[in-house]
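Chain letters run A, B, ... following the sequence lines, proteins first and then strands; every chain starts at 1.
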There are 2 protein chains.
Amino acid sequence: MANIQEVAKQAGVSIATVSRVLNNTSKVSEKTRFKVEKAIQELNYAPSMLGRNLRNSESRLLLVLIHTFSNPYYTEIITGIEDYAIENNYNILLCETDDNLQREDIFLNMVRNKLADGIISMNPTVHVDKLKELANSHSIVLCSDYYEDADIPYIAIDNTIAAYRAVKYLITMGNNKIGLINFNENLLYAKQRRIGFENALNEFQLPICDEWIHHSDGLTFQDGVEAMRRMLRSKNRPTAVFAISDTLAIGALKELHAQGIKVPQEMAIIGFDNIAFSSMTTPTLTTVSQPKYQMGYRSAKMVIDHIQGLTIENVIMDYELIIRESTLE
Amino acid sequence: MANIQEVAKQAGVSIATVSRVLNNTSKVSEKTRFKVEKAIQELNYAPSMLGRNLRNSESRLLLVLIHTFSNPYYTEIITGIEDYAIENNYNILLCETDDNLQREDIFLNMVRNKLADGIISMNPTVHVDKLKELANSHSIVLCSDYYEDADIPYIAIDNTIAAYRAVKYLITMGNNKIGLINFNENLLYAKQRRIGFENALNEFQLPICDEWIHHSDGLTFQDGVEAMRRMLRSKNRPTAVFAISDTLAIGALKELHAQGIKVPQEMAIIGFDNIAFSSMTTPTLTTVSQPKYQMGYRSAKMVIDHIQGLTIENVIMDYELIIRESTLE
DNA sequence: ATGAAAGCGCTAACAC
DNA sequence: GTGTTAGCGCTTTCAT
């Protein structure tokens, strides 16, 4: 592939002029521009990003850290990120860390290495200390989960209140035995949603029963199936269950169906995230919807603003309760 | 962030020596190595990929082109690609083209631009001529859909036979009125699956009825809902439907449920792809499973082999019929 | 074993 | 309006 030298030679001009034509950065005479463009055509030339980036010391690449592609929660957020990024001439590098510290290191190093200009992390299991240190000198934004007191800018919803509202809704629907399917509570959002859950029960003086609280090892459908299976082992069952993610809720729904337990008549289920599948289940799933696209879009804006030296502030977004069949009587 | 100069200065050696320590490329005395490593530590130095890549004229980045993140079909393939890539010191750049020619151009240019070393395209709507031309001088592999006579290496299953087997299975289950929900037949795989569908019907001398063949505009659940809705407008209904993707099949299932039509008793449904959600629906979905992880893994191997100058050959993978509730009586 | 220097492809400051 | 040139951070050849 031709380089700028060859184009210059072919057009009979200097490389500076070629660069000017390429970047439209100062006046070039019609005639010269024409010659250069002709040469570019003939040589099928495209400028090397590598050279350009090295010179400009920027890559216009954003790293997006996620735990695993298979979690459908991310898809809409990523679309939002990508839209803003593309609009602003950035591209995104989607990085799956998969709980692998080594892989994580590779990605974090890419921004120290100048291969990427900033990071949007949606990966709460990331090595916090490293991220914190990196955030001192680089542009990092956390999306949808964050760390308290870590001083890394974030965008998220108020999980405590959202969970509180969801559970309160279950209560107002007449449920007074309410269970929880949670994930690893080291994650802030999981902890917060549990607190919201407890706040609601406390407010209505309902029991918080350990038998009705189960933790899953992961966030796949199958994890939800297993959590519900464990919950159903006890004869004393809740009449409603709040699952911390739609994937878990959908798995739970499946297990209830397998055991012939009617939803919502015998047990109501509410999820969290409003993933696309949640309206395709039988019954359809009541859930808490985060403005995922907007969260992605704005987190991209945040990180790009930060790269360009602006100061940015944490953002708390609104959520919405989407009521569907799994909680209606 | 420090650069190689500063490290050299701090260690009291030349930049060449630092580079040698970094890359372990020739003998360096213990003492010098130690000094350099100390300086690297102190300055918290990490080499710039940009400089390195420019020098080596490689980026060790692979582009993965997909149509949209929201299609769950891709997730497992991408995991396979990523595993092989990481094992071989490559990273992947996941690119969503979204039918946008301009966006597509950006991505294709990245490989001409030396920002990426190769492309795995799973995006059948990509501008074929451009891709073909690019494939002459760069490393490109098509995964799961391909172009006939385009001479671009690919990995895929035999869609015609897979579809044939799926439909034949419906026939042997006693169905003789079989419908099809297809997608845009400009896509090779859609065309091939239709041919397989017709081959099976022809073999058993069953009618191919236009009323029972519907095309959707997209591959979302909603598209499946709408396709089934259209099919149900005619009184004369098929007793089984082959949907070209699980997403469409799941949408169809949803619409059948909404209209109170029992699956599989009144209508059997079979999908294609075995996405994770297909075992979570009610009823669970019979489907054709492609070895998605392996297809990803091997396509990454193919493109990296090609980058490294090896000759590569097209690969046809096996598929598997996964029988679940949506076709059982 | 180590250093000096060229050069990867590009942009921008400076000179004309 | 256009050309010359330095330099972005690195690797590698050639000396020593």
Side-chain angles (χ1 to χ4, degrees), chain A residues 1-40 43-61 89 109-117 137, chain B residues 1-40 43-61 89 109-117 137:
Chain A
M1 173 101 142
N3 63 18
I4 200 172
Q5 304 264 15
E6 301 173 50
V7 175
K9 196 166 150 203
Q10 172 108 352
V13 300
S14 74
I15 59 166
T17 299
V18 177
S19 177
R20 286 188 191 104
V21 171
L22 250 27
N23 298 293
N24 225 334
T25 173
S26 79
K27 299 257 103 66
V28 177
S29 78
E30 259 324 299
K31 228 174 72 191
T32 316
R33 155 165 275 116
F34 180 78
K35 280 193 298 181
V36 171
E37 275 164 356
K38 183 153 163 280
I40 289 177
L43 295 173
N44 192 19
Y45 166 79
S48 155
M49 295 275 175
L50 243 34
R52 179 176 286 174
N53 292 348
L54 178 60
R55 174 63 218 226
N56 295 342
S57 100
E58 65 167 9
S59 66
R60 297 202 86 83
L61 234 43
N89 254 304
N109 271 329
M110 287 179 77
V111 48
R112 311 173 74 213
N113 284 337
K114 306 276 198 182
L115 237 202
D117 294 344
S137 46
Chain B
M1 173 97 147
N3 61 18
I4 200 171
Q5 304 265 14
E6 301 172 50
V7 175
K9 196 166 151 201
Q10 172 106 351
V13 298
S14 74
I15 59 167
T17 301
V18 177
S19 175
R20 287 194 262 264
V21 172
L22 250 27
N23 298 292
N24 225 332
T25 173
S26 79
K27 299 255 105 62
V28 177
S29 78
E30 259 323 299
K31 229 173 71 189
T32 316
R33 153 165 277 117
F34 181 78
K35 282 192 299 183
V36 171
E37 275 163 357
K38 185 153 161 280
I40 289 177
L43 295 173
N44 191 17
Y45 166 79
S48 156
M49 295 273 176
L50 242 35
R52 180 174 286 175
N53 292 349
L54 178 59
R55 175 62 219 225
N56 296 341
S57 100
E58 66 166 7
S59 65
R60 298 202 83 84
L61 234 43
N89 255 304
N109 271 329
M110 289 178 77
V111 51
R112 310 174 75 211
N113 284 338
K114 304 275 196 188
L115 238 202
D117 293 345
S137 46

For the side chain of [X], counting heavy atoms from C-beta on, which of [options] is nearest?
X	options	answer
B/Ala16	C/dA5, C/dC8, D/dT11	C/dA5
A/Ser48	D/dG3, C/dG9, C/dT11	C/dG9
A/Ile4	C/dG9, C/dA5, C/dA1	C/dG9
A/Tyr45	C/dC10, D/dG1, D/dG9	C/dC10
B/Thr17	C/dG3, C/dC10, D/dT2	C/dG3
A/Lys27	C/dG3, D/dG1, D/dC10	D/dG1
B/Ser26	C/dT2, C/dA12, D/dT11	C/dT2

Considering every strand and a 4.0 Å limit on heavy-atom distances, what is the contact class for [X]: base, sugar-phosphate, or nothing?
X	result
A/Asn53	nothing
B/Leu50	nothing
B/Ser57	nothing

So, is A/Ser14 close to the D/dT4 phosphate, meaning a side-chain N or O under 4.0 Å from OP1 or OP2?
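The answer is no; no side-chain N or O of A/Ser14 sits under 4.0 Å from OP1 or OP2.
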
Hey, does the side chain of A/Arg52 come within less than 4.0 Å of C/dT11's phosphate (OP1/OP2), counting only N and O?
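Looking at the OP1 and OP2 atoms of C/dT11, one of them is under 4.0 Å from a side-chain N or O of A/Arg52.
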
Please report the distance, rounded to the nearest Å, between [atom1] in [X] and [atom2] in [N].
X	N	atom1	atom2	value
B/Ile15	C/dA4	CD1	C1'	9 Å
B/Leu54	D/dG7	CG	P	17 Å
B/Asn113	C/dC10	CG	P	9 Å
A/Arg55	D/dC10	CZ	P	16 Å
B/Lys9	D/dG9	NZ	P	14 Å
B/Ile40	D/dC10	CD1	C1'	13 Å
A/Gln5	C/dT11	CD	C1'	13 Å
B/Asn56	C/dG7	CG	P	17 Å

Using every non-hydrogen atom in the two residues, find where A/Arg20 and A/Val28 come nearest and quote the distance to one decimal.
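Shortest heavy-atom contact: CB-CG2, 3.7 Å.
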
Which distance, rounded to the nearest 0.5 Å, do you find between the [atom1] of [X] and the [atom2] of [Y]?
X	Y	atom1	atom2	answer
B/Arg55	B/Arg52	CZ	CZ	12.5 Å
A/Met49	A/Leu54	CE	CG	14.0 Å
B/Asn109	B/Lys114	CG	NZ	13.5 Å

5' priority, DNA chain C, between A/Asn23 and B/Arg20 [closest heavy atom]:
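Result: B/Arg20.
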
Residue whose closest nucleotide on DNA chain C lies nearer the 5' end, B/Glu30 versus B/Gly51:
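Taking each residue's closest nucleotide, the earlier one in sequence belongs to B/Glu30.
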
Is there a donor-acceptor contact under 3.5 Å from the side chain of A/Asn113 to the main chain of A/Leu115?
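Answer holds: no.
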
Measure from the side-chain N and O atoms of A/Asn3 to the backbone N and O of A/Gln5, and report whether any donor-acceptor pair falls under 3.5 Å.
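Indeed, once roles are kept as given, a pair shorter than 3.5 Å links the two residues.
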
